[in-house]
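Notes follow once the structure below has been shown.
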Amino acid sequence: MNQLEIIKQELGKPYHDLEFLMHCFREVLEENGETALAQTMPWICEDCSFESIRFTRKHFHLFSISFQLLNLVETNGAVQNRRKTEEEKSLASINGLWANSLKILKENNIPEEQILDILSEIEVQPVLTAHPTEAKRPVVLKKYRELYLLLVKRENSMYNSYELEENREEIKRLINAIWNIDEFYMEKPNVETELENVIHYFTNVFPEIVTINNRRLVQAWQHAGFDAKKLVESNSYPQLRFGTWIGGDRDGHPFVTADVTRHTLHKLRLNAFLIIKNELSILAEDMSFYFRINQLPAVISERLKELIAENADELKPLVAGNRREAFKLFVLLLISKLPVKIGREQSFELLDTPESYSNSRQLLRDLDILKEGLTELGKDSLVYNSLFHTVQIVKTFGFHLAELDVRQNSAYYEKALNQILQESNTFGSNFEEKRSQIIRQELGSNRPFIRSWSDLPTEAQSVLDCFAVLQNHYKKYSGYALGSLIISMTRNVDDLLTVYVLAREAGLTEFEDRLILKLPVVPLFETIDDLIASPKIMEEYFSYPEVQQSLEFQRRQKGRKRKIQEVMIGYSDSNKDGGILASTWYLYKAQKELTEVANKFDIDLKFFHGKGGSISRGAGPIHWFLRSLPNGTLSGKIKMTEQGETIEKKYANKINAAYNLELMLSGSTLNTLLHRQHPEGNTKAAEIVEFMGAESKKFYVKLLRNQHFLEFFRQATPIDVIEQSKIGSRPSRRTGQQTFEDLRAIPWVFSWGQSRFHITSWYGVGSTLEKLKNEHPDKYLALKELLRESHFVRYVLTNIDTSLASTDEEIMTLYASLVKNEEVRNSILPKILSELHKSREYMQELLGRPLQIRRKNHFYSTALRAEALDVLHKNQVGNLSLWRNTDFESEAEKERTLNELLISVNAISNAMGTTG
């Protein structure tokens with residue numbers, strides 16, 4: 001039996017689904033007159049020989065689609081397997097989901113009442129971003145979403161052969177459309193395009209998931225033997241909120257202007273009302289029972305009269321037509337207060353009037369009055385089902401759909417403030433020398449430095465224009481649409497306090513004896529040095545009365561019980577600085593120490609995890625990630641980025657979206673309670689990982705500092721092609737300088753992954769484990785024990801193991817052949833290969849069983865992909881050599897080769913399931 005036959009047998013149904021789709025694809029190609037091309041399809045072609053074929057754009061396109069079809073069948077396979085496991089074993093048999101978490105909590109003797117109490121404190125916020133890691137265009141993503149639904153439809157045994165044949169033809173139609181659409185961007189997408197893509201998820205996927213997740217919790221509650229009635233009556237479901245950076249992330253992004261931010265807030269608000277109006281219309285239908293207005297309980301009767309009186313003439317027909325259905329009329333009057341206008345052809349636009357709601361809290365108060373009226377009449381079933389569902393939707397999406405964070409670099413803010421100080425001429429010409437003193441002095445005043453912004457330099461103008469947009473929105477509607485003011489590359493307290501002074505210029509502050517900033521200022525600690533410094537920075541920051549008053553103001557505005565400080569930690573730059581083990585350790589340590597600082601000031605920390613789509617940038621199974629967090633650091637509120645291709649992978653279809661959001665909500669609840677029960681955690685694990693983090697950083701940094709390393713990197717990876725790609729609106733470098741420091745972490749990780757080195761997620765591990773074993777054998781033995789005891793250690797090492805499985809020595813050597821200078825190649829490649837062998841050897845020793853036994857599906861999926869990936873890599877290397885070394889006769893020919901390289905990047909990304 002050959003390798004492919006073994007893979008088929010081990011993968012089972014997902015492979016048979018893949019074969020079905022690939023045969024459909026082959027028919028599509030033949031019908032498009034691509035008979036010869038159809039003979040080169042991976043996995044199903046007979047006697048394939050690719051050695052003599054120079055891949056064209058069409059070949060790369062074919063392979064790219066093929067890998068995406070494989071991703072679809074594997075997703076469907078995982079979904080069906082979870083369903084089968086729950087049915088045949090138990091609801092609690094799937095790690096990370098509600099039933100499993102409740103089972104663990106019961107085993108830890110945490111009572112039902114305590115779990116019920118914590119639910120209302122849980123707040124999970126995925127933040128959808130537009131980092132340049134999604135290589136596929138939105139129009140193509142839409143087709144794949146439709147294709148997935150047709151694949152799922154085939155799981156239903158009710159369809160007869162004729163209906164299945166119709167389904168097959170629909171699948172071919174979609175594949176045909178995908179084949180004829182350019183899959184990758186020929187031009188960089190603009191922010192509007194990226195916004196439209198995430199709005200699809202906010203409006204078409206997530207609203208339904210809110211209900212599904214609540215129902216799943218009720219099922220799990222019953223399965224655990226708890227009283228489901230208490231849960232339903234309390235309506236204390238964990239709060240899911242959404243956020244986005246698109247239109248607000250200005251860090252190194254010159255195209256995110258104040259106008260773009262204003263338009264984004266407008267577009268998000270408009271789409272929120274599409275959801276709210278739809279939900280209220282459904283609620284109105286559910287209230288369509290006969291009940292006269294004069295029979296209404298007093299509490300709702302009074303409010304009904306007020307609503308009618310606000311616009312009596314215009315509402316006459318509505319009131320007259322619904323006199324006998326008073327509760328339905330009440331909800332219809334709430335709809336009439338939404339600040340929207342429905343025009344011809346169902347056009348939908350914002351229209352603020354004196355009578356309309358300005359924020360969602362006003363609507364929630366009216367829904368609470370409706371609840372009181374229904375409860376007084378004994379209509380509890382309508383309250384617990386229909387009304388509470390609407391309330392949850394309004395709480396989740398509000399009138400803003402998703403909170404918009406605004407991010408900017410600390411150096412940019414510093415420059416903007418310098419420009420304002422210079423323009424004001426308040427402190428003379430040597431103001432930069434006493435800048436820190438000036439900032440602190442100005443916290444005691446609410447008067448701006450300047451009145452006119454018209455002649456300000458670019459940075460100051462840009463910052464103040466943006467803050468003015470935020471202030472205008474806040475004043476008009478409230479701050480619920482506005483997330484955090486995130487300062488990337490936070491280096492010291494001045495970086496945070498600078499924002500207070502800048503915000504004052506735009507009126508984004510209030511004054512109550514001291515300056516109060518209306519929006520949260522959030523540090524982003526990205527580099528290892530900044531993570532190390534972060535506890536000291538935050539301790540000083542919290543010591544300022546202006547900060548404490550601002551946190552108190554924000555607490556009151558949000559209606560929260562305690563003061564909350566959000567802190568963002570970056571996984572990308574810390575990894576780029578020191579490698580996987582160092583990044584992991586310093587992130588862990590920073591969270592622990594930051595929490596201790598916050599506890600001193602009686603403040604809860606809400607950690608914002610800036611994770612990406614690859615292991616190097618913090619990716620990993622979300623439930624195991626939550627289990628791995630340092631004990632005592634979960635306050636019940638957590639926020640994390642969803643970037644690039646992870647959005648499609650997790651949320652493209654509703655079943656998978658519900659699963660991934662349930663993992664977040666369930667995991668946050670479980671681990672918040674476990675952290676409170678065991679706040680200290682395993683100190684032995686921390687001690688050993690600290691040693692490993694410090695040692696691995698030395699090995700990793702030594703490689704980066706090799707005089708030949710950067711030349712090797714630029715030639716042995718397709719970084720130059722990735723920098724030419726059109727897959728995101730953001731530039732690949734922060735300031736455009738051709739330096740390692742200026743290169744963003746995303747293309748850094750992306751390029752090593754494309755060439756299958758993956759050094760960012762394992763380099764230094766082997767040498768560190770070797771040193772641990774030889775010099776500290778007791779700690780090495782303890783590490784083996786910790787693999788069973790510590791979620792943190794197991795999570796870290798399992799992720800490294802996954803990355804090692806995707807690293808390919810033969811492909812690495814192939815890409816290294818692109819390095820022209822033999823001295824450069826021989827200085828770097830042997831070091832990398834030696835470290836790879838060492839890392840694999842020690843990981844195998846620690847983990848015991850081989851990967852194909854430990855993680856069978858992952859092993860055989862990787863092997864299946866390798867069958868086709870090798871061909872792509874060889875052709876990409878050939879095209880890279882051609883593009884870099886050929887003196888093309890025309891620009892058109894050079895551009896054609898670049899386009900082939902770009903689509904090869906896309907195809908390999910699809911195959912690997914990740915980019916950066």
Side-chain angles (χ1 to χ4, degrees), residues 250-251 254 256-259 261-262 406-475 479 482 484-524 537-538 540-554 735:
R250 310 163 71 80
D251 182 12
V256 179
T257 63
D259 282 341
T261 300
R262 184 186 296 106
V406 170
R407 181 175 74 146
Q408 183 55 278
N409 194 284
S410 59
Y412 196 96
Y413 280 139
E414 181 181 330
K415 191 172 183 179
L417 182 56
N418 285 345
Q419 291 167 350
I420 290 169
L421 291 174
Q422 187 168 10
E423 181 74 16
S424 72
N425 200 26
T426 309
F427 301 98
S429 59
N430 64 339
F431 63 85
E432 288 192 52
E433 297 172 15
K434 46 187 180 181
R435 191 171 174 280
S436 292
Q437 180 188 336
I438 291 170
I439 291 170
R440 285 153 181 76
Q441 175 184 319
E442 290 303 313
L443 294 178
S445 168
N446 201 34
R447 59 112 175 93
F449 282 121
I450 52 178
R451 297 293 178 186
S452 173
W453 305 349
S454 57
D455 297 323
L456 285 174
T458 301
E459 287 79 7
Q461 182 85 54
S462 172
V463 169
L464 297 188
D465 284 348
C466 173
F467 284 2
V469 168
L470 302 183
Q471 163 58 12
N472 290 339
H473 193 93
Y474 192 106
K475 184 178 179 181
L482 308 176
S484 307
L485 301 174
I486 299 167
I487 297 95
S488 55
M489 292 296 172
T490 298
R491 304 153 298 180
N492 50 52
V493 176
D494 281 4
D495 289 338
L496 302 177
L497 299 180
T498 293
V499 180
Y500 282 68
V501 181
L502 290 170
R504 185 187 71 179
E505 294 296 306
L508 199 51
T509 54
E510 293 195 359
F511 200 78
E512 297 175 7
D513 299 325
R514 301 179 188 279
L515 197 67
I516 291 172
L517 183 50
K518 297 175 187 176
L519 299 180
V521 170
V522 173
L524 168 47
I537 292 171
M538 293 310 293
E540 184 182 347
Y541 180 66
F542 288 146
S543 70
Y544 287 92
E546 292 81 7
V547 171
Q548 292 297 331
Q549 278 197 205
S550 296
L551 291 175
E552 174 60 20
F553 175 86
Q554 293 154 20
T735 65

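What's counted below: heavy atoms across the whole structure, side chains too, no hydrogens, waters or symmetry copies.
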Give the intermediate values and the outcome of side-chain contact (heavy atoms from CB on, under 4.5 Å) for residues V501 and I438.
-> CA-CA 10 Å; V501 181; I438 291 170; over 6 Å; no
Output yes when a side-chain donor or acceptor of [X] lies under 3.5 Å from a complementary backbone atom of [Y], and no otherwise.
X	Y	answer
S484	I486	no
Q554	L519	yes
S424	I450	no

Is a side-chain donor-acceptor pair under 3.5 Å present for [Y] with [X]?
X	Y	value
Q419	E459	yes
Y544	R514	no
S436	D494	yes
D465	T257	no

Just so I know, are the side chains of [X] and [Y] near enough to count as touching, which here means a heavy-atom distance under 4.5 Å?
X	Y	value
V463	R250	no
I487	P523	no
I420	L464	yes
F449	R504	yes

Tell me, yes or no, whether the heavy-atom count around R447 atom CZ, taken from other residues, nucleotides or ligands under 6.0 Å, exceeds 12.
->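 Counting other residues, nucleotides and ligands, CZ of R447 exceeds 12 neighbours.
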Tell me, yes or no, whether the heavy-atom count around Q422 atom CD, taken from other residues, nucleotides or ligands under 6.0 Å, exceeds 12.
-> no
With under 30° as parallel and over 60° as perpendicular, where do the rings of Y413 and F467 fit, or are they tilted in between?
-> tilted
Kindly compute the distance separating CG (N446) from OG1 (T509), expressed to the nearest 0.5 Å.
-> 4.0 Å
Euclidean distance, Q549 CD relative to I516 CD1, rounded to 0.5 Å | 5.0 Å
Evaluate the side-chain contact (heavy atoms from CB on, under 4.5 Å) criterion for residues E414 and T498: first the C-alpha distance (whole Å), next the side-chain angles of each, then the deciding distance (0.1 Å), finally the verdict.
-> CA-CA 7 Å; E414 181 181 330; T498 293; 5.6 Å; no
How far apart are the C-alpha atoms of K475 and N472, what are their side-chain angles, what is the distance that settles it, and do they pass the side-chain contact (heavy atoms from CB on, under 4.5 Å) test?
-> CA-CA 5 Å; K475 184 178 179 181; N472 290 339; 5.7 Å; no
